[in-house]
Chemist: 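To start, I am sharing the structure in question, which I have written as structure tokens.
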Amino acid sequence: MPDTADTTEARIRQAAQRVFVRDGFDGARMQDIADEAGINKALLHYYFRSKDKLFALIFEEKMGQFLDSIWTVLGSDGSLHDKIRRMVELDITQLSQEPVIPLFIFHEISQNPELVRQKLRDKNADGLFAAFARQVDDEARRGLIRPVDPQQLFANLLSLTVFPFVAKPMLQGFMTLNEPAFAQFIEDRKQQAADFLIHALRP
């Protein structure tokens, strides 16, 4: 059965993700993406006029997925400790399944920061973070955690979950981890990172 427009476009997106992950944005070529998708370059340009447009479209999708996982936790009920554990679990699970996300996000942060800020505004990021900050301050006043700057806590939380994926080659080199060992390291991190943050918040 011949491909439909939807299946062709989906195949192109999947191929582009693989090429971007393998070669990085600067190293990826439209011909490489066409070859990976099993189509000719003219058909690729019919669907996506440039590498920039293709990258931007995938970025929108992946950034949305990553942010949605954060918003799901921040907007939920539960204690701060519970939210930390759930966010660490969600972030690490999602990044393990979608290793393209850090590449896309950090490329756009460096190349097009306003796009990232706009995406966050569209997602009501400031409102959700304000609610998180209020919960941090409230639990500190009640003696459930030690006083801590909510901005620093949130930055530490994202750093502990995202950094190992961004720095994967460096970590593998320092710690001589092959792929299975690194996968186990990441799986263990779900517990280790959450425990580290929660212990640091003890009053």
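Numbers here simply count residues along the sequence, with the first being 1.
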Chemist: Tell me, which pairs form a salt bridge (Lys or Arg N to Asp or Glu O under 4.0 Å) where one or both residues lie in residues 191-203, sequence neighbours left out?
Modeler: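 Found R85-D195.
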
Chemist: Could I get the full list of side-chain contact (heavy atoms from CB on, under 4.5 Å) partners for A200, not counting sequence neighbours?
Modeler: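 Partners of A200 under the side-chain contact (heavy atoms from CB on, under 4.5 Å) test: none.
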
Chemist: Does L80 offer a backbone N or O that forms a donor-acceptor pair with the side chain of E139 under 3.5 Å?
Modeler: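 Yes, E139 side chain to L80 backbone: donor-acceptor pair under 3.5 Å.
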
Chemist: What's the spacing between I70 CD1 and F132 CZ if we round to 0.5 Å?
Modeler: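 The CD1 atom of I70 sits 10.5 Å away from the CZ atom of F132.
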
Chemist: What residues, two or more places apart in sequence or in another chain, satisfy salt bridge (charged side-chain N to carboxylate O under 4.0 Å, His left out) together with D68?
Modeler: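 Only K123 meet the salt bridge (charged side-chain N to carboxylate O under 4.0 Å, His left out) criterion with D68.
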
Chemist: Tell me every residue that passes salt bridge (charged side-chain N to carboxylate O under 4.0 Å, His left out) with R117, counting only those two or more places apart in sequence or in another chain.
Modeler: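 Partners of R117 under the salt bridge (charged side-chain N to carboxylate O under 4.0 Å, His left out) test: E114.
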
Chemist: Show me the donor-acceptor pairs within less than 3.5 Å that the side chains of residues 22-31 make with the rest of the protein, sequence neighbours left out.
Modeler:
residue	atom	partner	partner atom	Å
R29	NE	D32	OD2	3.2
R29	NH2	D32	OD1	2.9
Q31	NE2	D35	OD1	2.9

Chemist: Working to the nearest 0.5 angstrom, can you tell me the gap between I92 CD1 and M87 CE?
Modeler: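 It comes to 12.0 Å.
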
Chemist: Please examine the side chains of D126 and L120, heavy atoms only from C-beta on, and report whether any two atoms are closer than 4.5 Å.
Modeler: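 Counting from C-beta outward, L120 and D126 never come under 4.5 Å.
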
Chemist: So, taking the atom named OG in S79 and the one named CD1 in I145, what distance separates them when rounded to the nearest 0.5 Å?
Modeler: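 Output value for this atom pair is 10.0 Å.
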
Chemist: Take a 6.0 Å sphere around CD of Q184 and say whether it holds more than 12 heavy atoms from other residues, nucleotides or ligands.
Modeler: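 Counting neighbours around CD of Q184, more than 12 heavy atoms of other residues, nucleotides or ligands fall under 6.0 Å, so yes.
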
Chemist: Any sub-3.5 Å donor-acceptor pair from S76's side-chain atoms to V73's backbone N or O?
Modeler: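 Looks like yes, one N/O pair under 3.5 Å.
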
Chemist: If the condition is salt bridge (charged side-chain N to carboxylate O under 4.0 Å, His left out), which residues does K190 pass it with, not counting sequence neighbours?
Modeler: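 Partners of K190 under the salt bridge (charged side-chain N to carboxylate O under 4.0 Å, His left out) test: E89, E187.
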
Chemist: Scan for side-chain hydrogen bond (donor to acceptor under 3.5 Å, both in side chains) pairs involving residues 169-182, sequence neighbours excluded, and state none if there are none.
Modeler: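 Qualifying pairs, neighbours excluded: K168-E179, Q172-E179.
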
Chemist: Just grab all the salt bridge (Lys or Arg N to Asp or Glu O under 4.0 Å) pairs involving residues 39-49, residues at least two apart or on different chains.
Modeler: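 Those involving residues 39-49 do not exist here.
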
Chemist: For N124, check side-chain hydrogen bond (donor to acceptor under 3.5 Å, both in side chains) against everything at least two apart and list the hits.
Modeler: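 For N124 there are no side-chain hydrogen bond (donor to acceptor under 3.5 Å, both in side chains) partners, ignoring immediate neighbours.
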
Chemist: Kindly indicate, with the supporting measurements, whether the criterion side chain to side chain contact (heavy atoms under 4.5 Å, CB included) is fulfilled by L177 and L171.
Modeler: CA-CA 8 Å; L177 299 176; L171 291 175; 5.6 Å; no

Chemist: Specify the closest pair of heavy atoms between I186 and S96, including all atoms of both residues, with the distance to one decimal.
Modeler: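 Looking at all heavy atoms of both residues, the closest pair is CG2-OG, 3.4 Å.
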
Chemist: Using side-chain heavy atoms (C-beta onward) and a distance below 4.5 Å, is L74 in contact with F154?
Modeler: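 When only atoms from C-beta onward are counted, F154 and L74 do touch, with a gap below 4.5 Å.
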
Chemist: Considering non-hydrogen atoms only, spot the tightest contact between G143 and P203 and give its length.
Modeler: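 In this case the closest contact between G143 and P203 is O-CG, 3.4 Å.
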
Chemist: Name the atoms and distances for all side-chain donor-acceptor pairs under 3.5 Å in residues 159-167, with sequence neighbours left out.
Modeler:
residue	atom	partner	partner atom	Å
S159	OG	A155	O	2.7
T161	OG1	L157	O	3.2
T161	OG1	L158	O	3.1

Chemist: Working to the nearest 0.5 Å, report the span between CG of L95 and CG of L90.
Modeler: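 Spacing of CG (L95) from CG (L90) equals 10.5 Å.
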
Chemist: Looking at every heavy atom in both S69 and Q94, which two are closest together, and how far apart are they?
Modeler: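 Shortest heavy-atom separation between S69 and Q94 comes out as OG-OE1, 3.0 Å.
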
Chemist: Please identify each residue that fulfils salt bridge (charged side-chain N to carboxylate O under 4.0 Å, His left out) with D82, with sequence neighbours left out.
Modeler: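 Partners of D82 by the salt bridge (charged side-chain N to carboxylate O under 4.0 Å, His left out) criterion, ordered by chain and then number, come out as R86.
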
Chemist: If the threshold is 4.0 Å, N to carboxylate O, is there a salt bridge linking D138 and R142?
Modeler: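 A salt bridge links D138 with R142.
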
Chemist: Under 4.5 Å between any side-chain heavy atoms of F20 and I33, yes or no?
Modeler: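 Yes; the side chains approach each other to less than 4.5 Å.
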
Chemist: For L44 and A34, which heavy atoms make the closest approach, and how far apart are they?
Modeler: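 Residues L44 and A34, closest heavy atoms: CD2-N, 3.8 Å.
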
Chemist: Do V148 and L201 have side chains that approach each other closer than 4.5 Å (heavy atoms only, starting at C-beta)?
Modeler: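 A side-chain contact under 4.5 Å exists here.
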
Chemist: Test: ring-ring contact (aromatic ring centres under 6.0 Å, His included). Region: residues 170-203. Which pairs qualify, not counting sequence neighbours?
Modeler: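 As it turns out, the ring-ring contact (aromatic ring centres under 6.0 Å, His included) pairs with a partner in residues 170-203, which skip direct neighbours, are F182-F185.
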
Chemist: Nearest 0.5 Å, what's the OH-OG1 distance between Y47 and T8?
Modeler: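 Going from the OH atom of Y47 to the OG1 atom of T8 covers 4.0 Å.
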
Chemist: Verify whether one side chain among R121 and Q118 offers a donor that lies under 3.5 Å from an acceptor in the other.
Modeler: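 There is such a pair (donor and acceptor under 3.5 Å, judged by atom type) between the side chains of R121 and Q118.
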
